[in-house]
2 protein chains.
Amino acid sequence: MDDPLRRYPGYSLRRAANATAAELAARLSDIGLKQVDASLLLLIGANPDVTASALGRELDIQRANMVPLLKRLEDAGLIDRNPLDGKSQGLVLTRDGEARREQALAIIERFEAEMLARVPAEHRHHLLPALDALWRNP
Amino acid sequence: MDDPLRRYPGYSLRRAANATAAELAARLSDIGLKQVDASLLLLIGANPDVTASALGRELDIQRANMVPLLKRLEDAGLIDRNPLDGKSQGLVLTRDGEARREQALAIIERFEAEMLARVPAEHRHHLLPALDALWRNP
DNA sequence: TAACTATTGTTGTTGATCATAGCAATCCTT
DNA sequence: AAGGATTGCTATGATCAACAACAATAGTTA
C-alpha cells in the first residue's frame with residue numbers, strides 16, 4: 001500500500017515514539033510502574049524534597065494532574081511527603097521507593113542501550129542532539 | 001533542577017514527539033482536521049478504494065476504532081464508500097475531501113520543512129533514517 | 001459442494017489521560 | 001497590612017485507545 005506519510009520525519013517521529021513507549025511500558029510493568037511513575041521516581045530521587053509543582057513544571061504535567069499520580073506512589077509506599085512550610089511539601093523516596101527507583105533505572109538504561117543499538121552506527125550519535133533541537137527551544 | 005532524564009534519547013524522543021504533535025495539531029485545526037484525519041485523507045487519496053481494515057493496519061489503529069474516525073470524515077462529506085463486494089467497502093475522497101487533502105498536505109509539508117530547519121545541519125539528514133530504524137523493523 | 005476458517009465492519013464498554021475551572025490556604029513583596 | 005502569586009487539591013468533561021463480542025461474508029480446504 002502506498003503510504004505518502006513515510007517521507008515525513010514528523011510522522012516517523014510520532015511512530016517511533018509510540019513504538020518505543022509501548023516497549024518501555026511493557027518492561028516497566030514488570031515492576032508495577034508506568035512511565036510517568038518511573039520518571040517521577042528518578043526525578044524525586046535526584047532532587048529530594050522537590051515539590052509537586054516543580055515536578056509538574058519539569059515534566060509538563062499540570063498541577064491538578066499530579067495529584068492522582070503522586071497519590072498512587074504514596075499509596076504504594078514509594079514516596080513520602082515532608083511539610084516544607086505551611087503549604088509546600090517536599091517529596092522524598094522511601095526505602096522501598098529508592099529500591100524501585102534503582103530497578104526502574106536499570107530497566108531504562110538497558111532499554112535505552114538496546115534502542116540505540118538498533119540505530120545504524122552512522123546515525124546513532126546524531127539522534128539525541130537532533131531530537132533535543134526539536135523541543136528544547138520551543 | 002537536576003533532570004536525570006535528559007540523558008536519554010528515548011525520553012527526548014517522547015518529548016520531541018509531543019511538542020511537534022501539539023504544534024502540527026494546532027495548525028491542522030485551522031482547517032478543522034486532527035492529525036488522524038489528515039493521515040487518513042492522505043492515505044485514501046493515494047489509495048482510492050482502500051478498505052477501512054487496510055487503513056487500520058497501515059496506521060496501527062484497531063478496526064473497531066476506525067469506525068468513529070471514518071464516520072466523522074463521512075459526515076463531514078470528505079469521503080465516500082463504495083461497496084466492493086458483500087462485506088468490504090472501498091473508501092474514496094469526495095471533491096471536498098480532495099480539496100481538504102490538498103490543504104492538509106500543504107500544511108504538513110510546510111510544517112515538516114520548518115521542523116527540519118530547526119535541526120542543526122550536521123544532524124538533519126540523519127534524523128529520518130535513525131527514527132525509521134526504531135520502528136520499521138520491530 | 002459442504003464445512004471450516006478468516007476477514008470485515010460494527011456495537012458497546014472500559015480505563016487511562018489530559019484540560020479546565022474553581023477553591024482555600026499560604027507565601028511573598030511592597 | 002494588603003494584593004497578588006503560588007501551592008495543593010476537588011471535581012468534571014472530553015478524548016482516545018484497548019477489548020470483547022457479533023453477524024455477515026469471503027476464501028480455502030476436505
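Each chain gets a letter, A, B and so on, in the order the sequences are listed, and its residues count up from 1. Just so you know, these numbers use all the heavy atoms, side chains as well, and skip hydrogens, waters and symmetry mates.
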### Query
Are any of the side-chain nitrogens in A:Glu98 or A:Arg95 under 4.0 Å away from the carboxylate oxygens of its partner?
no
### Query
So, A:Arg100 and A:Asp96, do they make that salt bridge, N to O below 4.0 Å?
no
### Query
Once you build an axis from the first five pairs and another from the last five of the helix from C:dT1-D:dA30 to C:dT30-D:dA1, how far apart in angle are they, to 10 degrees?
30°
### B:Arg110 atom CZ, over 12 foreign heavy atoms within 6.0 Å
no
### Query
Under 4.0 Å between a side-chain N or O of B:Gln35 and OP1 or OP2 of D:dT15?
no
## Note on the structure
Separation of C:dG9 atom C1' from B:Asn82 atom CG, nearest Å, is 16 Å
### Task
Say whether A:Ser12 and B:Asp132, considering side chains only, have a donor N or O and an acceptor N or O under 3.5 Å apart.
yes
### Message
Given C:dT8, C:dC27, D:dG8, identify the nucleotide with an atom nearest to the side chain of A:Ala52.
### Response
D:dG8
### Message
If I take atom CE in residue A:Met66 and atom P in nucleotide D:dT6, what distance separates them, rounded to the nearest angstrom?
### Response
17 Å
### Query
A:Glu109 and B:Tyr8: side-chain donor and acceptor closer than 3.5 Å?
yes
### Query
What integer distance in Å separates B:Leu33:CG from D:dT15:P?
15 Å
### Query
If you round to the nearest 0.5 Å, how far is CD1 of A:Ile44 from CG of A:Leu78?
9.5 Å
### Task
Measure the shortest side-chain to side-chain distance between B:Leu91 and B:Arg81 over non-hydrogen atoms and say whether it is less than 4.5 angstrom.
yes
### Message
In whole Å, I'd like the distance from the CG atom of A:Leu59 to the P atom of C:dA19.
### Response
13 Å
### Footprint string (nucleotides 16-24 of chain D, 5' to 3'): B base within contact, S backbone only, - free, heavy atoms under 4.0 Å
SSBBB----
### Query
Salt-bridged, A:Glu23 to A:Arg118, with N to O below 4.0 Å?
yes
### Message
Output the rounded distance in Å from CZ (A:Arg81) to C1' (D:dT7).
### Response
12 Å
### Query
Rounded to whole angstroms, how far apart are CG on A:Leu70 and C1' on D:dT10?
15 Å
### Task
Tell me which of B:Pro68 and A:Asp85 sits closer to the 5' end of DNA chain C, going by the nucleotide each one is nearest to.
B:Pro68
### Message
Applying side chain to side chain donor-acceptor pair (under 3.5 Å), can you list everything that pairs with B:Asp49, at least two apart in sequence or on another chain?
### Response
B:Asn82
### Message
Output the rounded distance in Å from CG (B:Asp49) to C1' (C:dT8).
### Response
15 Å
### Message
Please report the distance, rounded to the nearest Å, between CG in B:Leu84 and P in D:dG27.
### Response
11 Å
### Task
Consider the side chain of B:Ser53, meaning its heavy atoms from C-beta on, and name the nucleotide among C:dG9, D:dA26, D:dG8 that approaches it most closely.
C:dG9
